[in-house]
Amino acid sequence: PKSPKSVATEVRQPATSKHKMDGVGPEHLPRGEARMEGVLTEQNRQCFQKYVEDFDPYSMFTSDQIAGKDVRLLRIKKEGPLDLTVEGGIDSPVGKIVVSAIYDGGAADKHGGIVKGDEIMAVNGKILTDVTLTEAQTTLTKAWNKGGDWIDLVIAVSPPKEYDDEMTFF
């Protein structure tokens with residue numbers, strides 16, 4: 001039986017590292033950028049683009065809902081399971097829907113534009129800023145299983161972690 005928090009269709013180990021490219025991990029690249037080999041045609045560009053560039057978050061959300069957030073639209077190719085779990089909800093201490101794990105090899109992992117801690121604000125146009133965890137899971141599952149080749153997720157990027165307190169100076 002699946003965990004009640006899981007939208008994944010298969011149980012997998014969480015990703016230990018995000019996409020490595022020629023020995024360079026994502027920590028060496030700005031978020032949302034990836035090194036691509038060769039020339040991309042316009043037709044192929046959508047398959048590799050992590051974020052939809054001309055997305056206007058004000059077209060979906062009020063300025064209060066997105067104040068201080070880096071809001072992005074992701075278009076994820078439906079290939080295999082999404083393999084993403086969420087936690088939180090309007091009735092939880094978290095107060096929002098947040099990615100709690102991304103599993104190796106799933107569509108979310110292959111896309112590379114979403115990480116643990118990101119807030120999921122909308123799925124295929126349905127706003128999730130004031131829903132329970134169960135409502136969010138149902139919406140994600142229906143959107144993934146519905147026809148079409150893509151799923152659109154609007155996320156608020158989690159802020160970078162500060163590690164100053166863990167630095168060792170010699």
Side-chain angles (χ1 to χ4, degrees), residues 1-15 18-19 26 30-34 46-47 49-163:
K2 287 193 327 188
S3 159
K5 290 184 185 177
S6 178
V7 178
T9 56
E10 298 176 20
V11 177
R12 298 175 185 225
Q13 291 300 313
K18 294 301 288 169
H19 307 273
R31 181 156 181 172
E33 292 185 19
Q46 184 63 37
C47 295
Q49 187 177 2
K50 284 190 183 181
Y51 305 107
V52 176
E53 292 177 18
D54 60 352
F55 171 64
D56 176 15
Y58 292 98
S59 66
M60 292 182 72
F61 304 99
T62 66
S63 39
D64 287 342
Q65 289 174 311
I66 59 175
K69 296 179 179 179
D70 181 359
V71 179
R72 302 176 184 187
L73 171 62
L74 284 62
R75 179 155 287 160
I76 300 176
K77 183 98 170 130
K78 291 183 179 179
E79 291 179 336
L82 180 58
D83 275 349
L84 168 86
T85 58
V86 296
E87 64 186 4
I90 194 70
D91 56 349
S92 77
V94 176
K96 57 190 175 185
I97 301 300
V98 178
V99 175
S100 56
I102 295 174
Y103 297 91
D104 274 334
D109 176 51
K110 288 176 186 171
H111 181 273
I114 189 166
V115 298
K116 181 178 176 182
D118 286 348
E119 176 185 357
I120 298 181
M121 299 185 69
V123 177
N124 284 357
K126 179 171 172 48
I127 296 176
L128 301 180
T129 56
D130 60 353
V131 300
T132 65
L133 178 61
T134 302
E135 290 171 307
Q137 291 168 331
T138 300
T139 300
L140 274 165
T141 302
K142 283 182 180 178
W144 190 255
N145 293 329
K146 187 178 174 183
D149 295 332
W150 303 90
I151 185 172
D152 288 344
L153 297 181
V154 177
I155 65 164
V157 177
S158 62
K161 301 239 185 290
E162 297 293 332
Y163 293 105

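The nearest pair of heavy atoms linking I127 to A122 is CA-CB, 4.0 Å. Taking each heavy atom of I114 and I102 in turn, the nearest pair found is O-CD1, 2.9 Å. Between G113 and I155, the shortest heavy-atom distance links the atoms O-CD1, 3.7 Å. Among all heavy-atom pairs drawn from I66 and P57, the shortest one is CD1-CB, 3.8 Å. Across every non-hydrogen atom of I76 and A107, the tightest pair is CG2-O, 3.8 Å. Of all the heavy atoms in I151 and A143, the pair that sits closest is CD1-CB, 3.7 Å.
For K78, there are no salt bridge (charged side-chain N to carboxylate O under 4.0 Å, His left out) partners two or more places apart in sequence or in a different chain. The salt bridge (charged side-chain N to carboxylate O under 4.0 Å, His left out) test applied to D91 returns no partner, not counting sequence neighbours. Evaluation of the side chain to side chain contact (heavy atoms under 4.5 Å, CB included) rule for S63 yields Y58 as partners, not counting sequence neighbours. With sequence neighbours excluded, the residues forming a side chain to side chain contact (heavy atoms under 4.5 Å, CB included) with T139 are V123, K126, L128, listed by chain and number.
How far CD of E79 is from NE2 of H111: 11.5 Å, rounded to the nearest 0.5 Å. Separating the CD1 atom in I90 from the OG1 atom in T129 is a distance of 7.5 Å, to the nearest 0.5 Å. Atom CG of residue L153 and atom CE of residue M121 lie 12.5 Å apart, to the nearest 0.5 angstrom. Separating the NZ atom in K110 from the CG atom in D104 is a distance of 11.0 Å, to the nearest 0.5 Å. One finds the CG atom of L133 at 14.5 Å from the NZ atom of K96 (value rounded to the nearest 0.5 Å).
Applying the salt bridge (Lys or Arg N to Asp or Glu O under 4.0 Å) test to every pair with at least one member in residues 133-152, sequence neighbours left out, gives these pairs: R75-D152.
Residues M60 and L73 have side chains not in contact (no heavy-atom distance under 4.5 Å, counting atoms from C-beta outward). Side chains of S158 and V115 form a contact here, defined as non-hydrogen atoms less than 4.5 Å apart.
Considering L74, V131, V99 in turn, V99 is the only one that fulfils the side-chain contact (heavy atoms from CB on, under 4.5 Å) rule with I120.
Listed for the S100 side chain is a donor-acceptor partner under 3.5 Å among the backbone atoms of T85. In this structure a side-chain-to-backbone donor-acceptor pair under 3.5 Å is missing from D118 to V157.
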